[in-house]
J.: 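This is the structure I have questions about; it appears just below.
Everything numeric here is computed off the predicted structure, so don't read it as measured data. Residue numbers start from 1 in every chain, and the chains themselves are labelled A, B, ... in the order their sequence lines are given, proteins ahead of strands.
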Protein chains: 2
Amino acid sequence: MPRPNRIGESRLSKAAAGRLSLYLRAIEHAISNGQERISSQELGQALSIRDAQVRRDLACLGTLGHPGIGYNPEKLRKPIRRALGIDREWPTVLVGVGNLARALLRYAGFRQQGFHIRWLFDSDPAKAGTSLDGVPILPAEQMEKILSGSGAELGLIAVPASAAQETADRLIRAGVRGLLNFAPVVLQLPPHVRLVSVDLTIQLEQLTFLLTSGTIISD
Amino acid sequence: MPRPNRIGESRLSKAAAGRLSLYLRAIEHAISNGQERISSQELGQALSIRDAQVRRDLACLGTLGHPGIGYNPEKLRKPIRRALGIDREWPTVLVGVGNLARALLRYAGFRQQGFHIRWLFDSDPAKAGTSLDGVPILPAEQMEKILSGSGAELGLIAVPASAAQETADRLIRAGVRGLLNFAPVVLQLPPHVRLVSVDLTIQLEQLTFLLTSGTIISD
DNA sequence: GGATGTGAACGACTTCACAGCG
DNA sequence: CGCTGTGAAGTCGTTCACATCC
């Protein structure tokens, strides 16, 4: 008995979530171009994957496409943003005010997508008291005190490797639930905290690996 | 007929290569602690994966472990570095001298692992002519001319999104074979060029996705 | 015709479980 | 005994292929 139109709605894999971000870009690009429809094939081409993959990913969000037509970019935007959790603001705290922090603060994409960096912390007393791009720099020793009850949810760790674990511990005590870590360290965290790590050395080593090992053929 | 000790040597997956970088850190840490042996279980604990996974990854590099004993960190170091392609120097060029570039240049891990940033380029004429951390900043318009025959192999793209594709094209014309791209753009490249992208917005969206969707249970 | 959504096949990665060595 | 290396099993993600609908 084939239940005809039972909605799929299977769960998104982590890999699929990464692709959603890319679909979103392509879609927003299409919207600003005034495009009223876009096919799985077009989307797939934009990120060098097959159309079937695109359809499967998007099917997880509901029945959004129209057979014979394609997808309406406008109609796609909201469900993708919801699935990624960027349909709301995330009060964000950034620890470690160095060059990376400056780059992150000024990175246009962040504010635009709902990531408001509201607090800056640094352990250097010379920096605490000054401000950067209008955000005051606060002393790291008072992190828990200042942040408790503040509603901070996301923490960006841009401190040296030696201070990363301690910074993470403090942020967590202050109630932060999600960490984006730039320090080249494997952090130990309680199970309720979510972590994404961006380790530049690993990315570069990934590249040299591809050049060394994958040179054989592949595309 | 079970050939008894035929060496495994299967090929490394991309995911495995990422883990090798992490094993390498743990191993170097162990070495500097004077540890003379380390088990797959210890290594696995360090990065929250199972011991069987560690053994399979390491088995790709040859027969390096000793049953009943474990692995000798010193003996592991070289094969891992070789597999990752970091047993030699990679002449590297960095384009786009902003805050991110400054962070990358000063990032201790890079030089230490054989990534020497030898050239800096920027399209801003005010910057060209000056230097940063002892590396002169060169005018982006002359990239091909200056780099041709220079032996540059890796290119780091730290320019705004709007200039990323053009920068990639130029670097490739100048003979660069591997790109690490920080701009939030999907680059179109010829098949012989290898690419790793670090897209900060995507990483943050990955995090909010985990917090939104994965809050259910999981660890 | 043209494009979606999806069962089924396929492939890749992970985990189990155990033989075999020290 | 402890721990590696590895077939076999299991799990997850991708691709194929086609029924279905505009």
J.: Knowing that exactly one of V159(A), V135(A), L105(A), L120(A) qualifies, which makes a side-chain contact (heavy atoms from CB on, under 4.5 Å) with V97(A)?
T.: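 It is L120(A); the other options fail the test.
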J.: Distance check needed: dT14(C) C1' versus Q53(B) CD, whole Å only.
T.: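 Checked: the CD to C1' distance equals 6 Å.
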J.: For F115(A), which of L156(A), L180(A), L154(A) qualifies under side-chain contact (heavy atoms from CB on, under 4.5 Å)?
T.: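 So the option named by the test is L154(A).
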J.: Which of residues 21-38 of chain B have a heavy atom under 4.0 Å from DNA chain D?
T.: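 None, since no heavy atom is under 4.0 Å.
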J.: Let me know the distance between CG of L12(B) and C1' of dA12(C), rounded to the nearest Å.
T.: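 These atoms are roughly 14 Å apart.
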J.: What's the closest nucleotide to the side chain of A52(A) if the choices are dA17(D), dT15(C), dG5(D)?
T.: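 Of the options given, the side chain of A52(A) lies nearest dA17(D).
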J.: Step through the shown structure and confirm whether more than 12 heavy atoms of other residues, nucleotides or ligands are within 6.0 Å of CD on Q41(B).
T.: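 Not more than 12 within 6.0 Å, no.
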J.: Between dG2(D), dG5(C), dC16(C), spot the one nearest the side chain of T63(A), thanks.
T.: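 Closest nucleotide among those given: dG5(C).
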J.: Which whole-number value in Å describes the distance from E42(B) CD to dG2(D) P?
T.: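 Going from CD in E42(B) over to P in dG2(D) covers 14 Å.
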J.: Using a strict cut-off of less than 4.0 Å between a Lys/Arg side-chain nitrogen and an Asp/Glu carboxylate oxygen, indicate whether R81(B) and D87(B) qualify as a salt bridge.
T.: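 So R81(B) does not pair with D87(B) through a salt bridge.
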J.: Taking atom types as modelled, is there a side-chain donor on Q203(B) or D199(B) under 3.5 Å from an acceptor on the other?
T.: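 Looking only at side-chain atoms, D199(B) and Q203(B) do not form any donor-acceptor pair under 3.5 Å.
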J.: Are any of Y71(A)'s side-chain N or O atoms less than 4.0 Å away from OP1 or OP2 of dG2(C)?
T.: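 So the side chain of Y71(A) is outside the cut-off, no N or O lying under 4.0 Å from OP1 or OP2 of dG2(C).
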J.: Measure the distance from CZ on R50(B) to C1' on dC13(C) and round it to the nearest whole Å.
T.: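 Rounding to the nearest Å, CZ of R50(B) and C1' of dC13(C) are 15 Å apart.
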J.: What is the separation between atom CG on N72(A) and atom P on dC22(D), rounded to the nearest whole Å?
T.: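 Computing the N72(A):CG to dC22(D):P distance gives 16 Å.
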J.: Of P67(B) and S39(A), whose closest DNA chain C nucleotide lies nearer the 5' terminus?
T.: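 It is S39(A), whose closest nucleotide lies nearer the 5' terminus.
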J.: Between the base of dT15(C) and the side chain of R56(B), is one N or O donor paired with an acceptor at under 3.5 angstrom?
T.: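 For R56(B), whose side chain was compared with the base of dT15(C), there is a donor-acceptor pair (under 3.5 Å).
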J.: With a cut-off of 6.0 Å (strictly less than), are more than 12 heavy atoms of other residues, nucleotides or ligands near NE2 of H116(A)?
T.: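 Yes, NE2 of H116(A) has more than 12 neighbouring heavy atoms, counting only those of other groups under 6.0 Å.
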J.: OP1, OP2 of dT4(C) versus side-chain N and O of S40(A): anything below 4.0 Å?
T.: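 Yes, because at least one side-chain N or O of S40(A) sits under 4.0 Å from OP1 or OP2 of dT4(C).
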J.: Could you please spell out the steps behind the side-chain contact (heavy atoms from CB on, under 4.5 Å) verdict for L43(A) and I38(A)?
T.: CA-CA 7 Å; L43(A) 278 170; I38(A) 192 164; 4.0 Å; yes
J.: Let me know the distance between CD1 of I49(A) and P of dG13(D), rounded to the nearest Å.
T.: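 In whole Å, dG13(D) P and I49(A) CD1 are 14 Å from each other.
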J.: Any donor-acceptor pair, under 3.5 Å, between the side chain of R55(A) and the base of dG2(C), if you only look at N and O atoms?
T.: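 For R55(A), whose side chain was compared with the base of dG2(C), there is no donor-acceptor pair (under 3.5 Å).
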J.: Determine the contact category for L58(A): base if any of its heavy atoms lies under 4.0 Å from a base atom, sugar-phosphate if only primed atoms, P, OP1 or OP2 are that close, otherwise nothing.
T.: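 L58(A): no heavy atom of the nucleic acid under 4.0 Å.
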J.: Rounded off to whole Å, could you give me the CD1-to-C1' distance for the I69(A) and dG1(C) pair?
T.: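 Atom CD1 in I69(A) sits about 11 Å away from atom C1' in dG1(C).
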J.: At 4.0 Å (heavy atoms only), tell me whether L64(A) reaches a base, stays on the sugar-phosphate, or touches nothing.
T.: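 The answer is sugar-phosphate, as L64(A) gets under 4.0 Å only of primed atoms, P, OP1 or OP2.
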J.: Check the surroundings of atom CZ in R82(B): do more than 12 heavy atoms from other residues, nucleotides or ligands lie under 6.0 Å from it?
T.: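 Counting other residues, nucleotides and ligands, CZ of R82(B) stays at 12 neighbours or fewer.
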J.: How long is the line joining NZ of K14(A) and P of dG13(D), in whole Å?
T.: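 Whole-Å distance recorded here is 11 Å.
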J.: Return whichever of D57(A) or G70(B) has its heavy-atom-nearest nucleotide of DNA chain D closer to the 5' end.
T.: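 Closest to the 5' end, via its nearest nucleotide, is G70(B).
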